Amino acid sequence: MIGQLPALQVVVPLLAAPLCVVLRNGTLAWLLAVATSWAALAMAVVLTGQVLAGGPIAYAMGGWLPPWGIEYTIDSFNVLILLIISGSAAAILPFARHSVADEIAPEQHARFYSAFLLIMTGLLGMAATGDVFNLFVFIEISSIATYAAIALGRDRRALTAAFNYLVLGTVGATFYLIGVGLLYAVTGTLNTADLASRIAPLLESRTVIVGFAFISVGLMLKVALFPLHQWLPNAYTYAPSVITTFLAATATKVALYSLLRVAFAVFGAGYVLERLPTEAILLAIAGTAIVVASTTAIFQKDLKRLLAWSSLAQVATIVLGVGIGNAQGLAGALLHMFSHALTKGALFMAAAVFALRLGGTSLERLQGAGRRMPWTSAALVLAGLSLVGVPLTASFVSKWTIVLAALERGWWPVAGFILVTSLLTLAYVVRVVEALYFRPSAADAPAREAPLSMLWPLWLMVAGTFYFGLNSSIPMRLATQAAALLLGVAP
Amino acid sequence: MSLLGIVNYWVFVALMMLGFYALIARGHLVKKLVGLSVFQASVFLFYISLGKVDGGEPAILVDDPTTIYSNPLPHVLILTAIVVGVATLAVGLALAVRIREAYGTMEEDEITEMDRTA
């Protein structure tokens, strides 16, 4: 049983998804989804223990040995991602009940949870698989479920947002597929490890370079890295709040994981960082993205849209960490994936509560909510502090690691840039705080605190950001090991 | 490489660009989806061309040991990709229908205009 965990991690939510539809009853489907997400989290925790104790695990799907069969490889890099996905789902699904009851028609509930589980399956599969074509299939499983889930939003603009994402997302996935085809044309294999050994003598071939370009651009569309971010702000703003929370905590990070995995495990760190001008490109793109997205966030009038732009800036910060190009920068980037998942999860959960209780998330509606909904508002402020990177929070640890990495390379301007752009983050967090606490409420404003079933997952996420801010040894250990693994050096 | 092999790749690139152009330049949602489908189909042709072996037979096992077979793996991969493409197209068309119900039009310009003034 324990030996089958790498497969079960993906198969259990995959099987639970159609069961949700068969159950038809929204409450039963919700219970099944919650149970599934907790089972997935338990499996991810056990896998983490195994990897920390005994190193990477290789699993041959169906007993077909690689390179012919599909191999799942679990190492310190993807257990971190598995933990992020299943942990987010395990906290968000208990939280989802009230929000979904409010935002989605009752007859759609079972199907909604089914879509949620399919997104989760796709993301878990993307993290677990060690086969580049299998990765494509999982990208599409999670993407198609995401398109359907976004379209369930109340506003009709959710439909156009979903359609735009469908078009751009499919282009991204197809680009990835072309890249994989080009690599298959010169190597004849799809297994990540096998590809790496066969591609080494071919790295200068034009086919391989073009393949790398297609794969990078395709996956960057999924990462929503500026200037390929067009689809994200509308999708996050108009999707049902629960879906936005889950996507913001996981989806773009898993896509970035896939990109890093293919880039470093197949092409190799030397090729990516030294042969190609990756550092310069990533630093330029990420730097522009951070400034543009943070500045745009400051001028938003809606909390969900503001947080969506903030997500773009934070993902760019992760990319900046990768672009610094040393082990510490990579470790900081991976750590920032983890801390940002917690932080942004908490922030979007708070936004979901406001959407439920105030009927919308425009900053105007939020005015004076600090007094009327003290617990939710306080959670939002604390998570906002973590977003800025205030000491004692998880984001501080990860941002600091990235700053140190820049200093290690002697790149003072980059380190200074990260610190200065944190002030931009502070600016938009302050705007939200101002609306919550320093503006008078409208006279007829609804005044009810969130239900307890929404408050505890929200505060659990907030507590998580502070716990991992004070004691980051486990994620730090995983991130450092993973960075060493990717760069091919001993930890 | 035979001329046929090279022609296949030219067709792949031409179709890919046609589909991509339609996807970007067309304002009607269904036309965009047609472009998307052509774009995806071009990649299917690319994979199938990759699997062709000169003088290769379809990969069905026969008794004659001297038979050369074409590589069946890309075919199998593309079977999966076709299923994915059909699913994407189905979701896309369903969304187009819902957009038509909600906005009364499928022209992107008009939808953008309605959202801007709303």
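Owing to the predicted nature of the structure, the values given are computational and were not obtained by experimental measurement. Per chain, numbering begins at 1; letters A, B, ... match sequence-line order.
Within residues 110-139 of chain A, the residues approaching chain B closer than 4.5 Å by heavy atoms are, in numerical order, A:Phe133, A:Phe136, A:Val137. Within residues 184-192 of chain A, the residues that have a heavy atom under 4.5 Å from a heavy atom of chain B are A:Tyr184, A:Ala185, A:Leu190, listed by number.
A donor atom on one side chain and an acceptor atom on the other are found under 3.5 Å apart for B:Thr105 and B:Glu110.
In this structure A:Gln230 satisfies the side-chain contact (heavy atoms from CB on, under 4.5 Å) test together with A:Leu168, sequence neighbours excluded. Remark: B:Phe12 engages B:Phe46 in a ring-ring contact (aromatic ring centres under 6.0 Å, His included) (not counting sequence neighbours).
Within a 6.0 Å radius of CZ in B:Arg100, no more than 12 heavy atoms belonging to other residues, nucleotides or ligands are found.
Both the backbone and the side chain of B:Val84 come within less than 4.5 Å of a heavy atom of chain A. Looking at B:Glu101, there are no atoms closer than 4.5 Å to chain A (heavy atoms on both sides), in backbone or side chain. Proximity to chain A (any heavy atom under 4.5 Å) is restricted, for B:Leu23, to the side chain, taken from C-beta onward. Residue contact with chain A, scored on non-hydrogen atoms closer than 4.5 Å, involves the side chain of B:Thr80 exclusively.
By number of non-hydrogen pairs under 4.5 angstrom with chain B, the leading residue of A:Ile144, A:Ile141, A:Leu177 is A:Leu177. Listed options B:Leu33, B:Val83, B:Ile111 were ranked by heavy-atom pairs under 4.5 angstrom with chain A; first place goes to B:Leu33.
Under a cutoff of 6.0 Å and an axis angle of 45°, A:Arg156 and B:Tyr103 form a cation-pi pair.
Closest heavy-atom contact between A:Val100 and A:His109: O-NE2, 3.5 Å. The two atoms that bring A:Ser216 and A:Leu259 nearest to each other are CA-CD1, 3.7 Å, heavy atoms only. Pairing each heavy atom of B:Leu95 with each of A:Ala151, the nearest pair is CD2-CB, 3.3 Å. The minimum heavy-atom distance linking A:Ala308 with A:Tyr236 is given by the pair CB-CB, 3.6 Å.
Taken to the nearest 0.5 Å, the CG atom of A:Leu182 stands 12.5 Å off from the CZ atom of A:Arg206.
Aromatic ring pairs are classed by plane angle as parallel below 30°, tilted from 30° to 60° and perpendicular above 60°; the pair B:Phe20 and B:Phe39 is parallel.
Salt bridge absent: A:Lys304 and A:Asp302 never bring a charged side-chain N and a carboxylate O closer than 4.0 Å.
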